[in-house]
Amino acid sequence: MDAYELITRNAEEVVTDEEVEELAEDPEGKRVYVGYEPSGVLHIGHMLTANKLIDLQEAGMEVVILLADVHAYLNGKGTFEEIEATAEKMRKQFLAYGLDDEKTEFVYGSDYQLDDDYALDLHKLELDTTLNRAQRAMAEIQGDETAKVSHVVYPLMQALDIEYLDLDLAVGGLDQRKVHMLMREELPEIGYDARPCLHTPILADLGTGEGKMSSSSGVTISMEDSTEDIEEKVNSAFCPPTRDPEGDLENPVLEIFQYHIFPRFETVVVERPDEYGGNLEYDDYEALADDLESGELHPADAKGALATYLDKLVAPGREKLRELEQ
RNA sequence: CCGCCCUUAGCUCAGACUGGUAGAGCAGUCGACUGUAGAUCGACUUGUCCCCCGUUCAAAUCGGGGAGGGCGGACCA
């Protein structure tokens with residue numbers, strides 16, 4: 001797999017393709033980031049962007065993880081002390097998950113976001129951005145809450161972070177799209193370069209297969225889950241024997257194979273009783289999805305394998321959490 | 001500062017006028033059927049009715065006070 005392919009695989013959107021192609025020509029030492037509001041426990045959504053970061057490290061890039069404590073504060077997630085504690089837990093789980101300690105730089109937002117020059121640049125952005133625009137950028141992150149002033153400052157800081165962390169590429173879920181577009185428009189207005197960005201998809205709800213509605217309600221897999229929890233959640237997942245379920249629905253089991261399992265494992269072995277034809281082995285996602293579609297692979301067997309591999313991904317983080325509690 | 005509206009199950013809300021031990025839809029849980037899930041049947045669960053004080057035999061409901069949330073306040077029409 002060449003660098004460009006590795007950098008862009010499984011991305012839902014690349015902005016712009018030309019700019020990323022240029023990065024891919026010499027990825028060594030280029031800086032990329034994802035910003036996370038600290039939460040004590042890593043979940044499957046964090047893991048999805050982390051997978052992309054691992055790809056980028058493999059391509060030779062330097063990864064910056066922003067532990068966005070100030071953002072969390074602005075989003076009403078608690079006191080700084082509380083946020084700090086969860087951020088540290090989060091950092092350790094990312095390392096346990098498989099990010100390279102040598103090539104990963106963890107930065108707290110509060111390390112630089114309270115400096116004078118940052119604050120002045122932020123005000124410059126405020127002066128240049130309409131309330132309406134900032135609020136729209138924030139809508140996905142904010143949910144149903146009534147907008148506070150802190151909520152409109154939030155995306156402006158995200159834009160500014162990309163300059164202050166000296167990045168070459170910004171990564172995020174598709175829910176970050178409007179924030180990144182704001183960044184691309186506004187950074188040049190205050191004299192900085194717009195950066196390219198890369199968006200991972202938002203996977204469908206595991207329980208219902210309903211897509212595109214970011215985080216919120218449904219079943220989620222996290223580092224807190226025991227092996228049994230994972231088996232149970234995966235077993236109760238929506239999984240018709242097809243790649244394209246009726247209507248707007250997606251097949252979340254296939255999605256997890258595509259975005260979480262195959263990027264991290266060379267081969268996937270589906271254990272199957274002789275009664276149903278014995279074990280199956282796959283080297284890539286397409287082969288597995290084809291077999292599910294054709295009926296060669298039964299959803300129940302696919303789920304068994306999915307739970308096994310998901311558990312392998314979660315196990316180190318789960319272990320780390322256990323250590324931290326002692 | 002002033003005015004109006006809202007607060008009841010996890011969610012959206014009914015019930016308040018006319019006091020009598022709290023309801024619906026969705027969600028959730030459990031069975032049946034499928035070698036998964038869903039769909040479909042069948043059953044089940046769910047409460048600080050925002051808080052305090054008062055009236056009353058009895059308050060989600062009436063009265064007073066408070067909290068939280070939403071919307072509004074010029075001119076023009």
Side-chain angles (χ1 to χ4, degrees), chain A residues 39 41 43-45 73-79 131-132 134-136 138-152 154 175 201-222 224-262 268-282 285-314:
Chain A
S39 76
V41 178
H43 61 62
I44 196 163
Y73 183 76
L74 289 174
N75 203 17
K77 295 296 167 62
T79 65
L131 260 186
N132 193 290
Q135 229 175 314
R136 279 193 294 132
M138 193 55 192
E140 295 292 324
I141 300 164
Q142 186 192 325
D144 289 334
E145 286 174 68
T146 309
K148 302 255 177 37
V149 174
S150 64
H151 284 136
V152 296
Y154 188 115
D175 55 333
I202 302 298
L203 300 193
D205 180 83
L206 187 59
T208 64
E210 284 163 12
K212 318 308 173 208
M213 298 198 310
S214 55
S215 55
S216 74
S217 54
V219 185
T220 192
I221 304 249
S222 83
E224 270 183 331
D225 289 329
S226 67
T227 301
E228 295 72 34
D229 290 337
I230 291 174
E231 283 168 355
E232 197 178 314
K233 288 177 180 180
V234 170
N235 180 51
S236 61
F238 177 70
C239 185
T242 174
R243 311 171 83 123
D244 288 305
E246 299 280 318
D248 294 332
L249 300 179
E250 302 293 332
N251 187 322
V253 170
L254 283 183
E255 284 190 332
I256 294 174
F257 269 114
Q258 179 179 359
Y259 292 101
H260 288 280
I261 307 304
F262 281 101
V268 170
V269 176
V270 176
E271 294 188 13
R272 200 165 61 167
D274 290 339
E275 176 192 358
Y276 294 127
N279 291 2
L280 291 166
E281 199 170 319
Y282 298 99
Y285 165 71
E286 292 300 327
L288 183 147
D290 284 346
D291 271 8
L292 187 85
E293 184 82 57
S294 73
E296 172 63 25
L297 173 61
H298 190 278
D301 296 321
K303 282 180 172 180
L306 182 63
T308 304
Y309 284 91
L310 262 183
D311 190 58
K312 289 183 191 181
L313 289 176
V314 165

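Fair warning: this is a prediction, and the values are worked out from it, not measured in the lab. Naming convention: chains lettered A, B, ... in sequence-line order (proteins, then strands); numbering from 1 in each chain.
- B:rG19 sits 15 Å from B:rC57 when the P atoms are compared, rounded to a whole Å.
- A:Asn251 places no side-chain N or O within 3.5 Å of a backbone atom of A:Gly209 that could act as its donor or acceptor partner.
- Contacts of A:Gln258 classified as side-chain hydrogen bond (donor to acceptor under 3.5 Å, both in side chains), with partners at least two apart in sequence or in another chain: A:Asn10.
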Do any N or O atoms of the protein come closer than 3.5 Å to N or O atoms of nucleotides 37-43 of chain B, and which pairs are they?
from   : atom 1 : to       : atom 2 : distance (Å)
B:rA37 : O4'    : A:Ala237 : O      : 3.2
B:rA37 : O4'    : A:Lys303 : NZ     : 2.9
B:rA37 : O2'    : A:Ser236 : O      : 3.2
B:rA37 : O2'    : A:Ala237 : O      : 2.7
B:rA37 : O2'    : A:Phe238 : N      : 3.2
B:rA37 : N3     : A:Cys239 : N      : 3.2

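- Across B:rU12 and B:rA74, the matching P atoms stand 33 Å from one another, rounded to whole Å.
- For the 3.5 Å distance criterion, the side chains of A:Ser226 and A:Asp229 qualify, holding a donor opposite an acceptor.
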Is there any protein nitrogen or oxygen under 3.5 Å from a nitrogen or oxygen in nucleotides 67-70 of chain B, and what are the pairs?
from   : atom 1 : to       : atom 2 : distance (Å)
B:rG70 : OP1    : A:Thr146 : OG1    : 3.3

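- Taking the P atoms as reference points, B:rG31 lies 43 Å from B:rG69, given to the whole Å.
- Looking at residues two or more places apart in sequence or on another chain, you find no ring pair (Phe, Tyr, Trp, His ring centres under 6.0 Å) involving A:Tyr259.
- Taking atom C1' on both B:rU29 and B:rU18, the two are 39 Å apart, rounded to the nearest angstrom.
- For A:Lys77, the salt bridge (charged side-chain N to carboxylate O under 4.0 Å, His left out) partners are A:Glu37, not counting sequence neighbours.
- The existence of a salt bridge linking A:Lys233 and A:Glu224 is excluded, since no basic side-chain nitrogen approaches an acidic carboxylate oxygen closer than 4.0 Å.
- Partners of A:Pro299 under the side chain to side chain contact (heavy atoms under 4.5 Å, CB included) rule, at least two apart in sequence or in another chain, are A:Cys239, A:Pro241, A:Leu292.
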